[in-house]
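Notes follow the structure.
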Number of protein chains: 2
Amino acid sequence: MKTRDKLLAAAADALAAEGVSAISGRSIAARAGVNQALVFYHFESVADLLAAAVRWSVDESVADYRRRLADVSTLSELLALGDTLQAVERDRGNVAQMAQVMAGAQQEPRLAEAARYAIDAWAAEVEAVIARVLETSPLGGLLDAAGAARAVTAAFIGLQLYEGVDPAGARSATDALRVLGVVAETVDGLGPVATRALRARVRRKVTRAGRA
Amino acid sequence: MKTRDKLLAAAADALAAEGVSAISGRSIAARAGVNQALVFYHFESVADLLAAAVRWSVDESVADYRRRLADVSTLSELLALGDTLQAVERDRGNVAQMAQVMAGAQQEPRLAEAARYAIDAWAAEVEAVIARVLETSPLGGLLDAAGAARAVTAAFIGLQLYEGVDPAGARSATDALRVLGVVAETVDGLGPVATRALRARVRRKVTRAGRA
DNA sequence: GTCTATACATAGATAGAC
DNA sequence: GTCTATCTATGTATAGAC
């Protein structure tokens, strides 16, 4: 493994483990087992290294899920996969890493760009699936797949931060969301008559709200 | 205004404006217009000051909303109030502040405690309202109000972080959530027959999932 | 309670030998 | 590409005068 890659991997790890507020070029180098000065040989600055690490690690994990997401075409399948995806990515520290990057990004343009890249990468995958699922759903034509994908991604990040602060509370939150998923699934499985009625009602309300 | 209060206010501001990674005792003191050494006279450490600032500012904003939340008893009212609450708190920087605290809390026990306090304070208010709304809802008895309140709070925080990184994307996410709110409202307004049917179906699925 | 001054640690970043 | 050494800035925290 080349030094540059060691640094990228170490930076990704350090983000999840130490958080943006505690991270430093020195701590990353130590974690990578390389000399501190090499950070500035291989990258312009610490922020630059962090940004590169985010892109690198998001590319990896998204690619990992691309195939599995491609197989999903129903809401039940999506919810099930989302459940395991959330657990796996959380354990890998990828969600925590994203949360830290986004927190740091509020002031560091380089990190903001990397965060945007990461969310776009995840959201693009999720969006494709949601769009497919929406085709047969009462919500088809009402709910914007791109927006929904982004909402899901952002919510994951909020939940991850919450988990670091109050694991029990976060679990209760996740359980509640799971119930809502089942409700959505049920509504989704209504017959064509109920579906049409629901869709008409919602459309009426949304239009009214849009005018206000 | 006493120096201690100036520091608390400045710390709260600084959290939203600078973020945990950039904040320092010096920057807070400068913002408060007081001498840097006073941070350590009035507080044990910077982390201690930040934690106190979070409690102080969350107490203020929650009290502000307590009365208005107490008036809410239907889902439509809740969604409407949630909309304005989100906008107002965001503009005040309170959500950004929370997001930063939670990011920093992953490594700083003092901040974690303060973050827990803040979320509990918000969630307690929201929970009471949700419980009231759930009474007449198809979801009554199925959805845990405490968990739902925490999920909403966490999602707000994730969305706030996202907004700092990609305002347009965050808007599309919020719009999608708004549509889902309308859907929930519609489902909520179904007749008693449909309600009973939906509840039975969901309960069956939840039980099955719980056994798995 | 507030100020100046300062000790001390750690950070980002660079120069120059190897 | 990698190392040692080092400059410089900034941060936390304290001592002691006012």
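Lettering follows sequence order; numbering is per chain, from 1. Values below: all heavy atoms of this structure, side chains included; hydrogens, waters and symmetry mates excluded.
None of A:L143, A:V202, A:L142, A:L180 except one satisfies the side chain to side chain contact (heavy atoms under 4.5 Å, CB included) rule with B:L180; the exception is A:L143.
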Given side-chain contact (heavy atoms from CB on, under 4.5 Å), test B:L49 with B:L8 step by step and report yes or no. CA-CA 7 Å; B:L49 163 55; B:L8 287 171; 4.1 Å; yes
Tell me, with the steps shown, if B:E113 and B:R55 meet salt bridge (Lys or Arg N to Asp or Glu O under 4.0 Å). CA-CA 10 Å; B:E113 209 183 329; B:R55 288 165 195 268; 3.8 Å; yes
Under the salt bridge (Lys or Arg N to Asp or Glu O under 4.0 Å) rule, what do B:D64 and B:R92 come out as? Steps first, then yes or no, please. CA-CA 13 Å; B:D64 223 44; B:R92 283 188 188 160; 3.0 Å; yes
Would you list the atom pairs, donor with acceptor, under 3.5 Å between side chains in residues 78-86 of chain B and any protein atom, with sequence neighbours excluded?
unit_1	atom_1	unit_2	atom_2	d
B:D83	OD1	B:R178	NE	3.4
B:D83	OD2	B:R178	NE	3.1
B:T84	OG1	B:L81	O	3.0

Table please: side-chain donor-acceptor pairs of residues 28-42 of chain A below 3.5 Å, with sequence neighbours left out.
unit_1	atom_1	unit_2	atom_2	d
A:R31	NE	A:E18	OE2	3.3
A:R31	NH2	A:E18	OE2	2.8
A:N35	OD1	A:A37	N	2.9

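For residues 141-153 of chain A, the pairs satisfying side chain to side chain donor-acceptor pair (under 3.5 Å) are A:D120-A:R150, A:R150-B:Y162, with sequence neighbours left out.
A heavy atom lying under 4.0 Å from DNA chain D marks the following residues of residues 38-53 of chain B, by number: B:F40, B:S45, B:V46. Annotation: proximity of residues 20-31 of chain B to DNA chain D (heavy atom, distance under 4.0 Å) is found for B:S24, B:G25, B:R26, numbered in ascending order.
Judged by distance alone, with hydrogens and angles left aside, the side-chain atoms of A:R110 form no donor-acceptor pair with the main-chain N or O of A:A52 at under 3.5 Å. Listed for the B:Q106 side chain is a donor-acceptor partner under 3.5 Å among the backbone atoms of B:M102.
The outermost nucleotides of DNA chain C lying under 4.0 Å from heavy atoms of chain A, listed 5' to 3', are C:dA11 to C:dT14.
A donor-acceptor contact under 3.5 angstrom links the side chains of A:S57 and A:Q97, judged on distance only.
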